[in-house]
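In what follows, a structure is listed as structure tokens, so that the remarks can point back to it.
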Amino acid sequence: MAESVVSTVVLRLTDLLIQEATFLDGVTEEVLGMQLELRRMQSFLKDADTRQDEENIETLRNWVAEIREAAYDVEDLIEEFALKVALRSGRSGVVNVIKRYATIAKESVELYKVGSEIQNIKTRISDLTRSLDTFGIQPRESSGPSLPGGRQKNLRRSYSHIVEEDTVGLEEDVEILVEKLVASEKNVVFIYGMGGLGKTTLAKKIYHNSDVRHHFDAFAWAYISQQCQIRDVWEGILFKLINPSKEQREEISSLRDDELARKLYHVQQEKKCLVILDDIWTAETWTNLRPAFPYEIGKSGSKILLTTRIRDVTLLPDPTCFRHQPRYLNDEESWELFKRKAFLASNYPDFRIRSPVEKLGREMVGKCTGLPLAIIVLGGLLANKKNILEWDAVRRSIVSHLRRGKGHEPCVSEVLAVSYHELPYQVKPCFLHLAHFPEDYEIPTKKLIRMWVAEGLISCAHDEEMEEETMEDLAQSYLDELVERCMVEVVKRGSTGRIRTCRMHDLMRGLCLSKAKQENFLEIFNHLHVNDQSVYSFPSSMLSGERSIGRLRRLAIFSDGDLKRFVPSRFRRNSHLRSLLYFHEKACRVEKWGSINSLFSNFQLLRVLDLDGIQGHNGKLPKGIGKLIHLRFLSLRDTDIDELPLAIGNLRYLQTLDLLTWNSTVRIPNVICKMQRLRHLYLPESCGDDSDRWQLANLSNLQTLVNFPAEKCDIRDLLSLTNLRKLVIDDPNFGLIFRSPGTSFNHLESLSFVSNEDYTLVQIITGCPNLYKLHIEGQIEKLPECHQFSSNLAKLNLQGSKLLEDPMMTLEKLPNLRILRLQMDSFLGTLMVCSDKGFPQLKSLLLCDLPNLEDWKVEEGAMSNLCHLEISNCTSMKMVPDGLRFITCLQEMEIRSMLKAFKTRLEEGGDDYYKVQHVPSVLFQYCDY
């Protein structure tokens, strides 16, 4: 992590040199010199990150912390100076111009002080560098992930002959995987999931399964370390498969690498072999290993089973390979596994568990949230504790007990920490940033990514080929990396397959909190569940002693509903705060918005301010917001703010501004055009009166524009916003700009607009050739031809279209359409037909408020991937199509506001029940009239 912090600061110094060039003209050389010093320090930090299990680890951590704080101090110094100059230069008028000239000398003195301070910090780092010999630290040039310490590497090693007998909940997994290895044609099987989920235990169960043993002729188990030597692995497997004599071993050892791979390949073709490769950590490792394995279908009867934490590894073979992710244990399975570990026969010979003990035990098992390793560790901790007082003592500090484990046994944190230590250094701060969010919180990924960009955790400066507007894409790739490594769980995906929301497993979140605390990454001030350690792993009262040195830079406030003050008094003097986020379970209120002025005065280096959902009297945002000139992210979503001050125009570096408040109208001064770095702008439905005309044409970085302010802007301003990816606009004149030849929005992926009869829909559709999402409200004379739509189109919503021709004839030919919603008289005809092989990718279909629709036909072979169907208020429809019985993957049906007779036909025993009896969930609502 230390390397990533310094790397981030090095890149931020580059940004500051560009952004503050006017202010820093006299100290450019000093800043560049500091960059060089920090880059040199990075190579030493790579080695420091590998020293995870040394005796002097605390001293080493303090040394690393001093480096980190020195790097931060440079950044603080420059931003504080820029802030002073910017606030002075904001004056206007003749008198203030005179005052401005009078301050030039003072600024020159301050600039000299900046240069001197940079030199002092550079000296600090040089002194720290000279102390490296104490730790035996050497520079490393490798840019890959840091290697874990020796103890952690040993914890990961597996041996096929050691089989865990007390396993629970694996029966179904074993059955599935044995069938794939014995009876199917799939030659490659993957088991993947987060650390501690039981992947290796499951693989051993397969390896020793009687059906498997009878099916295959030869077996080999290979543990793959991170420092995998490909030849050693091949040799070891070959020796196990053929059991060679001494002479044969010597002959094999003399083979070239390609000859060895060929021999191993042929052995697996000649007889049926099962090879298990346990704990593969990189896609590159599998790529290097697989030339020795005949994994193609039909080549042999041999099979390969691999375990990995990295989902990306499973995507490398051909698409026919089988991927399996073990599930978490349910409550009863967790309790059963715990009993086997905690209640030893010597302590509980009659195996009767008293009620108070069971209550405590079940409460503690619940903290393990179904992770087998955590349950086993907990059971081991309690196995020798014979009275309820000892059990209660463990319960009170359950999280720390799980992290520590017992004796020399592996503990949960060490097993999970391997995933953290092997992250690429660029991704580590993004992982630590997830510690902001409460337990079980469903994290919106767009917002998360924009915060990462705003904080400077993402930078494309290291890659000259990457343009600035791709920072969100790079951040998305970092999130994907965390998902692929099973460190983050996907909750919802969008129509295009992108992650919409995510969360962390409780124990992975515990690791995240622990590492964030160790790195002084953030602090949490919690009013939600002060006794719940899983939610609040490092309360302020416990920070002394364990927390690394340094200033607080990020603060998350968990509120119980009422904020007496925006920031607790103990934090008010922390002028170095960069990020402030608020979370609350219910409506959050403050006495008045004016009290936020203390926040604006005390934290003028803030980059991220998230005020989502806070309500207060007098919904005018105070003018003190203008002091936060370094702000990159500001969210007022779901607040009751109804007016912004003129001073908000000072936020020249703002990248994200979210004004989707509870008020449909928010008075916004004519200053948005000054925020030329804006990338994501969410406006309310109305921005106040139309007396002032806005100019948005210079917002060339804008990617997201929600609620284009038609009452204030010229529609032609959109033509200058060539980087737009998302646009929501209800101006009926939108289509007029496409009359100009060559008008196109090539980057636009999501579009929502109101149709108008003055132009044709074809002009808009062809002018936006890369749309993934399209929402059209209003009458449409005729749908465009299927080839005129973007081939990428995944989601389509038609509302009030009043089409007379069956839209299915066109829409079923769209190759990637996954979500279709036809609403509010979008079709006025009486018959719709879905043809064989139509809608090949459709997952979700909504038919809502189509009062004329009488007959809907679905041919066999249509909508073969449909999972969710909703029919609502289509009261002329008498029955569902017979073809629904052929859609075997249909999982959910929702029938709303339909006639009672329609519902009766679908219920068990009804005339149409046979059409939907295969659907696991059929929900009826408001169907009793």
Task: Value rounded to 0.5 Å, distance of CD in Gln229 from CG in Asn288 - done: 11.0 Å
- [ ] Let me know which of Thr200, Asp279, Val233 forms a side chain to side chain contact (heavy atoms under 4.5 Å, CB included) with Tyr223.
- [x] Asp279
Open item on the list: Below 30° counts as parallel, above 60° as perpendicular, anything between as tilted: where do the rings of His630 and Tyr653 land?
Closed with: parallel
Open item on the list: Distance check, rounded to the nearest 0.5 Å: Arg503 atom CZ versus Leu434 atom CG?
Closed with: 13.5 Å
Open item on the list: If you apply the rule side chain to side chain donor-acceptor pair (under 3.5 Å), what do you find for His680 with Thr656, and how did you get there?
Closed with: CA-CA 5 Å; His680 310 283; Thr656 297; 4.7 Å; no
Open item on the list: Ignoring hydrogens, what is the shortest heavy-atom contact between Tyr420 and Lys428? Give both atom names and the distance.
Closed with: O-CE, 3.3 Å
TODO: Would you indicate whether the side-chain heavy atoms of Phe190 and Trp286 approach each other to under 4.5 Å?
DONE: yes
Open item on the list: I'd like to check Phe431 versus Glu481 (side-chain heavy atoms, cut-off strictly below 4.5 Å). Are they in contact?
Closed with: no
Task: Carboxylate-amine/guanidinium contact Arg725 Asp473, below 4.0 Å - done: yes
- [ ] Taking atom CZ of Arg637 as the centre, report whether more than 12 heavy atoms of other residues, nucleotides or ligands fall under 6.0 Å from it.
- [x] yes
Open item on the list: What's the separation between atom NE2 in His433 and atom OG in Ser579, rounded to the nearest 0.5 Å?
Closed with: 5.0 Å
Task: Student check: side-chain heavy atoms of Ile443 and Val488 closer than 4.5 Å - done: no
Task: Side-chain touch Val608/Leu580, heavy atoms, less than 4.5 angstrom - done: no
TODO: Locate the shortest heavy-atom distance separating Ala475 from Val453; write the atom from each residue and the value.
DONE: CB-CG2, 4.4 Å
Task: Close side-chain approach of Ile524 to Leu513, heavy-atom, < 4.5 Å - done: yes
Open item on the list: Looking at Ile280, is its backbone amide N or carbonyl O close enough to the side chain of Thr308 to form a donor-acceptor pair, meaning the two atoms are under 3.5 Å apart?
Closed with: yes
Open item on the list: Could you check whether any side-chain heavy atom of His505 comes within less than 4.5 Å of a side-chain heavy atom of Glu489, counting everything from C-beta outward?
Closed with: yes
Task: Close side-chain approach of Arg679 and Met471, heavy atoms under 4.5 Å - done: yes
Open item on the list: Taking the six-membered ring of Tyr192 as reference, does the cationic atom of Lys199 (NZ for Lys, CZ for Arg) lie under 6.0 Å from its centre and within 45° of its axis?
Closed with: no
TODO: Any chance you could measure Gln655, atom CD, to Arg677, atom CZ, to the nearest 0.5 Å?
DONE: 9.0 Å
Task: Enclosure of Arg554 CZ (heavy-atom neighbours >12, cutoff 6.0 Å) - done: yes
Open item on the list: If we ignore hydrogens and angles and just use 3.5 Å, is the side chain of Arg500 paired with the main-chain N or O of Arg498 as donor and acceptor?
Closed with: no
- [ ] Any chance you could measure Leu605, atom CG, to Ile629, atom CD1, to the nearest 0.5 Å?
- [x] 9.0 Å
Task: Cationic N near anionic O, under 4.0 Å, Lys447 to Asp612 - done: yes
Task: Cys430 side chain reached by Leu479 side chain, heavy atoms, under 4.5 Å - done: no
Task: Spacing of Leu657 atom CG and Leu651 atom CG [to the nearest 0.5 Å] - done: 8.0 Å
Task: Closest approach of Cys512 to Ala435 (non-hydrogen atoms, all atoms of both residues) - done: SG-N, 3.5 Å
Task: Arg607 side chain vs Arg632 backbone, donor-acceptor pair below 3.5 Å - done: no
